[in-house]
Q: 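The structure is given below, and queries will be raised subsequently.
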Amino acid sequence: EVKTRVQDKLGIVDFPMPQFIIVGSQSVGKSRLIETLAGEQFNFISGTLGSRRPTVLEFRNVESVEESKWYVLDQDTNQWQSRPTREVMEIVGKAHNSLGVDVSERPVNVRIESKMCVDMQIVDLPGYRSFAADEGGRVLAQKIERLNDSFLNNPRNVILCVEEAGDAANLSTLRRVAAADPDYKRTLLIRNKLDKFYNDLDSNTVNKWLDGMGDLPKKLKKFALTLPHWADGAPPPKTLQELRDDMSKADLDTFAALGATRTHLDTVGFNNFARHMEKRTERMFVEAIGPVLARLRDLEGAMTRRGEELQDELEQSNPAQILATVRACGASFANCLTHVMEGVIRSEVCRFTLAGELREFHSYHRKQSSSRVVEELPTNDFGSLEDYIDFLREG
């Protein structure tokens, strides 16, 4: 919330605070996880090729809002525009489809205000392609990998790695994440479709399975959960928020009955995952607030100095001020010249009489070999320089 308010006030989209990025292969439930975080069902219309640029989603939990409000950030004006949900879906879809078989690092920004959503911001990255039907698809898959790598390698980004629950040794996206975060300090693993394994576990295997059966690092923070789902082609039997709570409860009840320990149960179900995300967000904010405040102070100092410079320019460019300055300079020069002419200001250094200066002038030009003709006397009425000097003395 603080981050987005600062961004709104200052018009800075790329503010140096940590953010969550979500990665995963196509069809692992990444989109359904985002819907679950939002608390409502929606679908970005991105065609058969899927997403091809980052989608930044800001979820704002606002208890006073009866119906969710959707906004899109205008990239030209850097202003949020309120739009109907369907229109937002179309705008986001066009942003992806306009790229064709290419990708872009320039994101499309969406904000959701709702009493059903969590309070956080995530960056949804294009899903990894495990199969390409032709050369164009293969090239697109490689471009998506390079795009995602640029986010994975950014140490400010906390990675939400979405995989299907199953054999922990075959988690393809996690292997990609490990290359960027080998110590898993920035990574949270989310194993989806947990309900498929309800009947495959017993009291002897449940805790080991939640740990990854030895195939997952102990230091990796991991969650196992079931996201809302229903029969294909049928409408949802309940609201997404109700399904989210029901399935989270079913996960916890099932694994508690199987004998999972208290520590392991804390990693089961969507609600436990959401609580962890809230705490992680608070910790990230505390860690980041120092550099953010330093940047704000630098920005304040720069703006103050710029304001003073503009104020000085404004005062100096005032016509009345310019006229007064010119008059003051003229008066100062005139007053100084009066003192010189009256002999008030005296000096014996480099001082010449008029006669001496004229003689030096004539002597200098006689010594020059230049062909330039210099008139020695003002008129031919004077026979010599001395006659001219006598004339000046007598005059």
Side-chain angles (χ1 to χ4, degrees), residues 22-52 55 57 59 67-68 70 84-97 110 112 114 116-118 122 124-134 137 140-141 144 160-168 170-174 189-201 209 223-255 268-271 273-274:
I22 181 168
V23 293
S25 300
Q26 289 182 314
S27 304
V28 297
K30 190 159 62 77
S31 297
R32 183 52 53 86
L33 174 61
I34 294 173
E35 289 180 334
T36 307
L37 292 170
E40 61 183 284
Q41 187 182 8
F42 57 88
N43 180 35
F44 294 135
I45 308 167
S46 53
T48 57
L49 294 179
S51 60
R52 280 144 282 176
T55 304
L57 298 115
F59 301 122
E67 294 185 0
S68 61
W70 289 72
T85 305
R86 180 177 296 277
E87 192 172 336
V88 172
M89 301 302 106
E90 293 175 353
I91 291 172
V92 174
K94 288 179 181 178
H96 290 285
N97 292 329
V110 177
I112 305 102
S114 169
M116 297 179 293
C117 70
V118 297
I122 63 172
D124 180 26
L125 296 175
Y128 292 108
R129 273 65 167 168
S130 58
F131 173 77
D134 52 30
L140 177 59
I144 288 175
L160 305 182
C161 176
V162 183
E163 297 273 18
E164 282 194 18
D167 186 356
N170 296 319
L171 304 182
S172 60
T173 300
L174 184 62
L189 174 62
I190 303 161
R191 292 186 285 174
N192 183 28
K193 304 180 182 179
L194 179 60
D195 57 332
K196 290 184 177 182
F197 295 88
Y198 283 177
N199 299 322
D200 296 340
L201 302 173
W209 188 90
F223 289 89
L225 47 84
T226 304
L227 295 174
H229 60 277
W230 50 90
D232 291 340
K238 299 180 180 179
T239 66
L240 198 67
Q241 185 182 24
E242 291 172 333
L243 289 173
R244 179 178 70 187
D245 293 338
D246 288 348
M247 293 183 180
S248 181
K249 184 176 184 301
D251 286 342
L252 283 171
D253 290 346
T254 300
F255 276 76
V268 173
F270 177 83
N271 289 339
F273 164 71

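For the numbers below, each heavy atom of this structure counts, side chains included, while hydrogens, waters and symmetry mates do not.
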Q: Restricting to non-hydrogen atoms, name the atom on Lys30 and the atom on Asp124 that form the minimum distance, rounded to 0.1 Å.
A: NZ-OD1, 2.8 Å

Q: Relative to the ring of Trp209, is the ring of Phe197 parallel (under 30°), tilted (30 to 60°) or perpendicular (over 60°)?
A: tilted

Q: Working to the nearest 0.5 Å, report the span between CD of Gln41 and OG of Ser31.
A: 11.0 Å

Q: Within the 4.5 Å heavy-atom criterion, are His229 and Leu243 side-chain neighbours or not?
A: no

Q: Among Ile22, Leu171, Thr173, which residue satisfies the side chain to side chain contact (heavy atoms under 4.5 Å, CB included) criterion with Cys161?
A: Thr173

Q: Do you know which two heavy atoms are closest between Val28 and Lys193, and how far apart they sit?
A: O-CE, 4.2 Å

Q: First locate atom OG of Ser172, then atom CD of Glu164, and finally report the distance between them rounded to the nearest 0.5 Å.
A: 10.0 Å

Q: Give me the atom names and distance for the closest heavy-atom approach of Ser68 to Ser114.
A: CB-CB, 3.8 Å

Q: Any non-hydrogen side-chain atom of Leu227 less than 4.5 Å from a side-chain atom of Glu35?
A: no

Q: Quick one: does any side-chain atom of Glu242 pair with a main-chain N or O of Thr239 as donor and acceptor, under 3.5 Å?
A: yes

Q: Going by side chain to side chain donor-acceptor pair (under 3.5 Å), name the residues that satisfy it together with Asp245, two or more places apart in sequence or in a different chain.
A: none

Q: Evaluate the side-chain hydrogen bond (donor to acceptor under 3.5 Å, both in side chains) criterion for residues Arg244 and Asn271: first the C-alpha distance (whole Å), next the side-chain angles of each, then the deciding distance (0.1 Å), finally the verdict.
A: CA-CA 8 Å; Arg244 179 178 70 187; Asn271 289 339; 5.1 Å; no

Q: Side chain to side chain donor-acceptor pair (under 3.5 Å) with Asn192: which residues, sequence neighbours excluded?
A: none

Q: For Trp70 and Val110, which heavy atoms make the closest approach, and how far apart are they?
A: CE3-CG1, 3.7 Å

Q: Start with the C-alpha gap between Val88 and Phe42, add the side-chain angles, then the distance that decides, and say whether side chain to side chain contact (heavy atoms under 4.5 Å, CB included) holds.
A: CA-CA 10 Å; Val88 172; Phe42 57 88; over 6 Å; no

Q: Can you give me the closest heavy-atom contact between Thr36 and Pro228, atom names plus distance?
A: OG1-CD, 3.4 Å

Q: Could you check whether any side-chain heavy atom of Arg52 comes within less than 4.5 Å of a side-chain heavy atom of Leu140, counting everything from C-beta outward?
A: yes

Q: How far does CE of Met247 sit from CG of Leu252, to the nearest 0.5 angstrom?
A: 14.0 Å

Q: What's the spacing between Thr254 OG1 and Asp195 CG if we round to 0.5 Å?
A: 9.0 Å

Q: Nearest 0.5 Å please: distance from the CG atom of Leu33 over to the CG atom of Leu160.
A: 7.5 Å

Q: Check Leu174 against Glu163 and note the closest heavy-atom contact, atom names and distance.
A: N-OE2, 2.9 Å

Q: Determine whether Ile190 and Phe270 make a side-chain contact, defined as any pair of heavy atoms from C-beta on separated by less than 4.5 Å.
A: no

Q: My understanding is that only residues two or more places apart in sequence, or in another chain, count here; which of them pass side chain to side chain donor-acceptor pair (under 3.5 Å) with Thr226?
A: Asp251

Q: How far does CZ of Phe59 sit from CD1 of Ile34, to the nearest 0.5 angstrom?
A: 6.5 Å

